[in-house]
Number of protein chains: 2
Amino acid sequence: MAAEEFFLDNQLCFRLYTASRLLTQAYHPLLSAKGLTYPQYLVLLVLWEKDAQPVNDIAKRLMLETNTVTPLIKRMEAEGILNRRKGEKDARQMIVSLTPKGKRLQNELRDVPATVGSAVLCKEVTPESVPGLFVALDGIIGQLSKSKLANP
Amino acid sequence: MAAEEFFLDNQLCFRLYTASRLLTQAYHPLLSAKGLTYPQYLVLLVLWEKDAQPVNDIAKRLMLETNTVTPLIKRMEAEGILNRRKGEKDARQMIVSLTPKGKRLQNELRDVPATVGSAVLCKEVTPESVPGLFVALDGIIGQLSKSKLANP
DNA sequence: TATATTTGCATCGTGAACGATATAAACAAA
DNA sequence: TTTGTTTATATCGTTCACGATGCAAATATA
């Protein structure tokens with residue numbers, strides 16, 4: 001029993017899970033000041049890069065299911081951050097576009113990336129070491145999204 | 001506009017968030033076969049290390065709030081995986097203990113760590129590179145939990 | 001000892017995540 | 001053209017996460 005594979009401290013997933021939660025919490029005071037959640041902020045990141053996208057493209061970009069993104073976007077629509085309209089070419093699609101308020105938020109939140117970025121810096125995480133961390137995380141993401149495509 | 005700080009691909013948090021979700025999904029078929037969720041599995045990891053702990057100790061170990069852990073534990077109690085009893089020394093505490101079923105699960109799930117572990121291995125993530133990844137993630141967790149203690 | 005504060009747990013409300021399922025539009029095949 | 005399949009989105013139910021708040025037991029302070 002008590003095999004070391006089961007030790008919590010040996011678990012990669014628990015570390016990712018905890019780091020993700022804590023870093024999301026670091027965004028919280030900055031985002032809630034503008035009435036946003038972190039997943040809503042992610043949707044804004046996608047739309048700031050390219051406005052007027054169908055729900056499916058946003059979901060794919062964030063690697064989320066549409067049944068997660070749809071209600072999320074509806075809440076943002078209720079807040080006047082974006083609007084949804086039926087696609088003209090394809091009537092099944094819902095095209096999501098930023099409102100002026102949604103566009104203004106990019107400027108109002110301009111300090112968020114640097115603020116959160118500096119909050120994680122420490123002996124073990126430096127501007128020099130972050131690219132290596134990105135490679136590892138991208139490897140995990142690529143590997144797991146691959147096996148997901150294989151068993152859809 | 002479109003400042004590169006806002007590019008989704010530059011975001012550490014998004015990578016952690018995605019890697020965490022995908023890796024949790026990799027546990028799903030293995031755990032749901034035994035009627036468990038990933039956070040419930042984490043509670044089992046804690047109790048397998050040391051049985052009969054108060055809710056607060058479990059929550060601290062997982063870096064979760066008690067208002068997350070309490071309902072989670074209650075669901076596990078309803079499944080007959082563990083039981084709760086009032087602390088004798090401190091009547092405020094609820095001591096959580098494994099049932100025989102909860103103890104048996106350790107053996108039934110013995111292949112889970114290796115199965116999930118092998119699922120993430122790839123060019124960028126090797127047995128040799130994982131310790132370095134642990135250091136970085138522990139750095140992030142340590143840094144963020146520190147600043148959390150400062151502003152309670 | 002009486003009162004105030006802290007601590008441990010629980011309840012409530014909101015917003016994700018996601019599996020399962022539904023619905024309508026687009027497209028393919030018969 | 002009719003039928004079948006795929007695609008895009010939405011709905012529903014369950015389980016986290018977590019901020020806010022409540023309550024009772026323990027502890028500190030007056």
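Here is the naming used below: chain letters follow the sequence lines, and residue numbers restart at 1 for every chain.
- Under a 3.5 Å cut-off, the side chain of A:Ser32 and the backbone N or O of A:Gly35 do not form any donor-acceptor pair.
- For the pair A:Arg84 and D:dA8, the criterion of a side-chain N or O lying under 4.0 Å from OP1 or OP2 is not met.
- In terms of modelled atom types and a separation under 3.5 Å, the side chain of B:Trp48 and the main chain of B:Gly102 share a donor-acceptor contact.
- Following rounding to the nearest Å, A:Asn56 (CG) and D:dA8 (P) show an atom-to-atom distance of 5 Å.
- Side chain of A:Arg61 to main chain of A:Ile58: no donor-acceptor pair is present (N/O by atom type, distance under 3.5 Å, no hydrogens or angles).
- Atom CZ of A:Arg85 is separated from atom CD of A:Gln93 by 10.5 Å, given to the nearest 0.5 angstrom.
- C:dT23 atom C1' lies 11 Å from atom NZ of A:Lys86, rounded to whole Å.
- Distance NZ (A:Lys89) to P (D:dT9): 12 Å, rounded to an integer number of Å.
- For the pair B:Arg21 and B:Tyr17, the cation sits on the ring face: its NZ or CZ lies under 6.0 Å from the ring centre, inside 45° of the axis.
- Taking side-chain N and O atoms only, A:Thr66 has no distance below 4.0 Å to OP1 or OP2 of D:dA8.
- Put simply, the side chain of A:Lys101 gets close to the backbone of A:Glu79: a donor and an acceptor are under 3.5 Å apart.
- Side chain of A:Met94, nearest nucleotide from C:dC9, D:dA10, D:dA8: D:dA10.
- Rounded to an integer number of Å, the gap from CD1 of B:Ile73 to C1' of C:dC9 is 10 Å.
- OP1 or OP2 of D:dT11 sits under 4.0 Å from a side-chain N or O of A:Lys74.
- To the nearest angstrom, P of C:dG8 lies 9 Å from CG of B:Asp57.
- Remark: side-chain polar atoms of B:Tyr38 are paired, donor with acceptor, to backbone N or O of A:Phe14 under 3.5 angstrom.
- Contacts of A:Lys60 with the nucleic acid, taken as non-hydrogen atoms under 4.0 Å apart, are absent.
- When distances run from any side-chain atom of B:Gln93 to the nucleotides C:dA26, C:dA10, C:dG8, the shortest one goes to C:dG8.
- Side chain of A:His28, nearest nucleotide from D:dG19, C:dA26, C:dG8: D:dG19.
- The main-chain N or O of A:Ser97 is never found under 3.5 Å from a side-chain atom of A:Asp51 such that the two would form a donor-acceptor pair.
- Per the geometry, CG belonging to A:Leu64 stands 17 Å off P belonging to C:dG15, to the nearest Å.
- Rounded to whole Å, atom C1' of D:dC18 lies 10 Å from atom CZ of A:Arg21.
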Between the protein and nucleotides 12-16 of chain D, list the N/O to N/O atom pairs that are separated by less than 3.5 angstrom.
| unit_1 | atom_1 | unit_2 | atom_2 | d |
| --- | --- | --- | --- | --- |
| D:dC16 | OP1 | B:Thr37 | OG1 | 2.7 |
| D:dC16 | OP2 | B:Gln40 | NE2 | 2.9 |
| D:dC16 | OP2 | B:Arg75 | NE | 2.7 |
| D:dC16 | OP2 | B:Arg75 | NH2 | 3.1 |
| D:dC16 | O5' | B:Arg75 | NH2 | 2.7 |

List every contact pair, protein side and nucleotides 22-24 of chain D side both N or O, where the distance is under 3.5 Å.
none

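- To the nearest 0.5 angstrom, B:Thr18 atom OG1 is 12.0 Å from B:Leu23 atom CG.
- For the pair A:Val55 and B:Glu88, both in contact range of DNA chain D, the more 5′-proximal nearest nucleotide belongs to A:Val55.
- How far NZ of B:Lys34 is from CG of B:Leu44: 12.5 Å, rounded to the nearest 0.5 Å.
- In this structure, the CG atom of A:Leu62 is 11 Å from the P atom of C:dC18, given to the nearest Å.
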